[in-house]
Chemist: 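My questions all concern the structure below.
Since this is a predicted model, take the numbers as computed values, not measurements.
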Amino acid sequence: MHPAPSIILFTVLSGMGFGLLFFLGLGFGSTGSIALVFFVLAFLLSTGGLLASTFHLGHPERALKAFSQWRTSWLSREGCCAVFALVVMTILAAGRVFSAAHWSWIGWLGSTFCVATVLTTSMIYAQLRTVPRWNSALTPSLFLAYAASGGALLVGELDWARLLLAITAGIQLAWWLRGDRALHHSGTSLKTATGLGAIGNPRSLESPHTEANYLTREMAFVIARHHAKLLRLVAAILAFALPLILLSLPHSHLIAAFAVLLHTLGALVSRWLFFAEAEHVVSFYYGVR
């Protein structure tokens, strides 16, 4: 599928922001002015990512209507969870910054909705049976793991960051390996699409359209296999290998900041691949699979 920059930025930045808010809600970080810095950074990442997603909408002015379909839409549930999480965490931030109050139950509530926000974001993709690579329990696990590891890095919890980076690397590898076989194992082909498999091996005589349309631009995006392998290696090195090496060195704020930067770049590459490698079954109709 076509990787939209706004969605890539949204899912990575907001995930890291809600990951940071998750740790702050559990009592990590400090109070006073230091807590203010952490909360401001978390709010900028989470809300900035959400705002970036509106550029992917055909009618951004109608974004508020997305909140009304929470009974059936994961997108709507994501919006509701995000707003609730941000409101609760704003209350917690006020207590931590101005009165040094931890308000544990508010923090736990906010952290729960931060997890729910990332989970609902991932379910927008994981629910799609038409994209076998995404249609897996590994997809929510991947989103949650990236959010948690990014949040641990941002809050400066190095022990948690090392553990979560290693776990995320394992989930990412499993997601890639499972995804490469997903379309084949789904059983979807031109035979099943046409219902003609019993009498032979059907193929398209001509292209359905004489020029590109929305489906060919958005759903039939193809990335070369060797390019995908190279980008996977780049993502793994930037997101996991180099940050883990840096975190094994004597601690300094500069090294920690560099680890965050590298991990973020790697996460962006990985998320670009998340969309670029996704095969929508409609692509069989256009003969690109």
Chemist: L177 and V269: same hydrophobic cluster, using ILVMFWY side-chain contacts below 4.5 Å?
Modeler: no

Chemist: Determine, for D180 against K229, whether the closest basic-nitrogen to carboxylate-oxygen distance falls under 4.0 angstrom.
Modeler: no

Chemist: What is the minimum heavy-atom distance between S149 and T168, and which atoms define it?
Modeler: OG-OG1, 3.5 Å

Chemist: Cluster question for you: counting only ILVMFWY and a side-chain heavy-atom cut-off of under 4.5 Å, with indirect links fine, are L262 and L233 together?
Modeler: yes

Chemist: Under the side-chain contact (heavy atoms from CB on, under 4.5 Å) rule, what do T120 and L75 come out as? Steps first, then yes or no, please.
Modeler: CA-CA 7 Å; T120 51; L75 178 63; over 6 Å; no

Chemist: Show the nearest heavy-atom pair for residues T90 and L86, with the distance to one decimal.
Modeler: OG1-O, 2.6 Å

Chemist: Write down the atom of P243, the atom of A239, and the distance for their closest heavy-atom approach.
Modeler: CG-O, 3.4 Å

Chemist: Is atom CG of L173 surrounded by more than 12 heavy atoms (other residues, nucleotides or ligands) closer than 6.0 Å?
Modeler: yes

Chemist: Counting only heavy atoms not in H253, do more than 12 sit closer than 6.0 Å to its NE2 atom?
Modeler: no

Chemist: With rounding to the nearest 0.5 angstrom, report the CG to CD1 distance, L246 to I255.
Modeler: 6.5 Å

Chemist: Does a side-chain heavy-atom distance below 4.5 Å link L154 with L45?
Modeler: yes

Chemist: Give the minimum heavy-atom separation between L164 and A152, together with the two atoms involved.
Modeler: CD1-CB, 3.9 Å

Chemist: List the steps, then state whether ring-ring contact (aromatic ring centres under 6.0 Å, His included) holds for W175 with F274.
Modeler: CA-CA 10 Å; W175 193 88; F274 177 85; 5.1 Å; yes

Chemist: Looking at side-chain heavy atoms only, is the closest gap between L183 and V131 below 4.5 Å?
Modeler: no

Chemist: Under a 4.5 Å cut-off applied to non-hydrogen side-chain atoms, are I124 and E78 in contact?
Modeler: yes

Chemist: Determine, step by step, whether F10 and T121 satisfy the side-chain contact (heavy atoms from CB on, under 4.5 Å) criterion, reporting the C-alpha distance in whole Å, the side-chain angles of both residues, the deciding distance to 0.1 Å, and the verdict.
Modeler: CA-CA 10 Å; F10 155 58; T121 299; 4.1 Å; yes

Chemist: With the side chain counted from C-beta on, respond yes when F43 and L21 share a heavy-atom pair under 4.5 Å apart, and no when they do not.
Modeler: yes

Chemist: For the atom pair CD1 (I7) and CH2 (W272), what is the distance rounded to the nearest 0.5 Å?
Modeler: 15.5 Å

Chemist: Can you hop from F22 to L163 via hydrophobic side chains spaced under 4.5 Å?
Modeler: yes

Chemist: Please name the pair of heavy atoms, one in A161 and one in L153, separated by the smallest distance, quoted to 0.1 Å.
Modeler: CB-CD2, 3.9 Å

Chemist: So that I can tick it off, tell me whether E277 and R232 are bridged by a salt bridge, with the cut-off set at under 4.0 angstrom between side-chain N and carboxylate O.
Modeler: yes

Chemist: Would the distance check show the side chain of R77 and the main-chain N or O of T117 forming a donor-acceptor pair, the cut-off being under 3.5 Å?
Modeler: no

Chemist: Look only at the side chain of S136 and the backbone of P132, and say whether a donor-acceptor pair between them is shorter than 3.5 Å.
Modeler: no

Chemist: Check whether any side-chain heavy atom of I171 sits under 4.5 Å from a side-chain heavy atom of L144, and report yes or no.
Modeler: no

Chemist: Whether the side chain of S248 engages the backbone of I245 through a donor-acceptor N/O pair (distance < 3.5 Å, no angle test) should be reported.
Modeler: yes

Chemist: Test ring-ring contact (aromatic ring centres under 6.0 Å, His included) on F275 and Y125 and set out the steps.
Modeler: CA-CA 10 Å; F275 291 99; Y125 309 105; 5.5 Å; yes

Chemist: Do the non-hydrogen side-chain atoms of L128 and N135 ever get within less than 4.5 Å of each other?
Modeler: no

Chemist: CZ of R71 to OG of S76: how many Å apart, nearest 0.5 Å?
Modeler: 9.5 Å

Chemist: Working to the nearest 0.5 angstrom, can you tell me the gap between I8 CD1 and L13 CG?
Modeler: 11.0 Å

Chemist: Let's go through W160 and V155 carefully: what are the C-alpha distance in whole Å and the side-chain angles of both, what is the deciding distance for side-chain contact (heavy atoms from CB on, under 4.5 Å) to 0.1 Å, and is it a yes or a no?
Modeler: CA-CA 10 Å; W160 276 105; V155 83; over 6 Å; no

Chemist: Contact between M16 and L20 at the side-chain level, heavy atoms closer than 4.5 Å - yes or no?
Modeler: no

Chemist: Determine whether the side chains of Q172 and S270 contain a donor N or O and an acceptor N or O closer than 3.5 Å.
Modeler: yes

Chemist: If Ile, Leu, Val, Met, Phe, Trp and Tyr residues are connected whenever their side-chain heavy atoms lie under 4.5 Å apart, and connections chain through other members, are M89 and W105 in the same group?
Modeler: yes

Chemist: Minimum heavy-atom separation for R133 to R178, with atom names?
Modeler: O-NH1, 3.1 Å

Chemist: Do the side chains of L158 and R162 get nearer than 4.5 Å, heavy atoms only?
Modeler: yes

Chemist: Which class fits the ring pair F113 and F84: parallel under 30°, tilted 30 to 60°, perpendicular over 60°?
Modeler: tilted

Chemist: Under 4.5 Å between side-chain heavy atoms, hopping through other hydrophobics if needed: is there a path connecting V37 to V40?
Modeler: no

Chemist: Compute both the distance and the angle, then confirm whether R271 meets the cation-pi test with Y146: under 6.0 Å from the six-membered ring centre, within 45 degrees of the axis.
Modeler: yes

Chemist: Strictly distance-based, threshold 3.5 Å: is any side-chain N or O of S122 a donor or acceptor partner for the main-chain N or O of F143?
Modeler: no

Chemist: Taking atom CG of L36 and atom CG of L41, what is their separation to the nearest 0.5 Å?
Modeler: 11.0 Å

Chemist: CZ of F23 to SG of C114: how many Å apart, nearest 0.5 Å?
Modeler: 11.5 Å

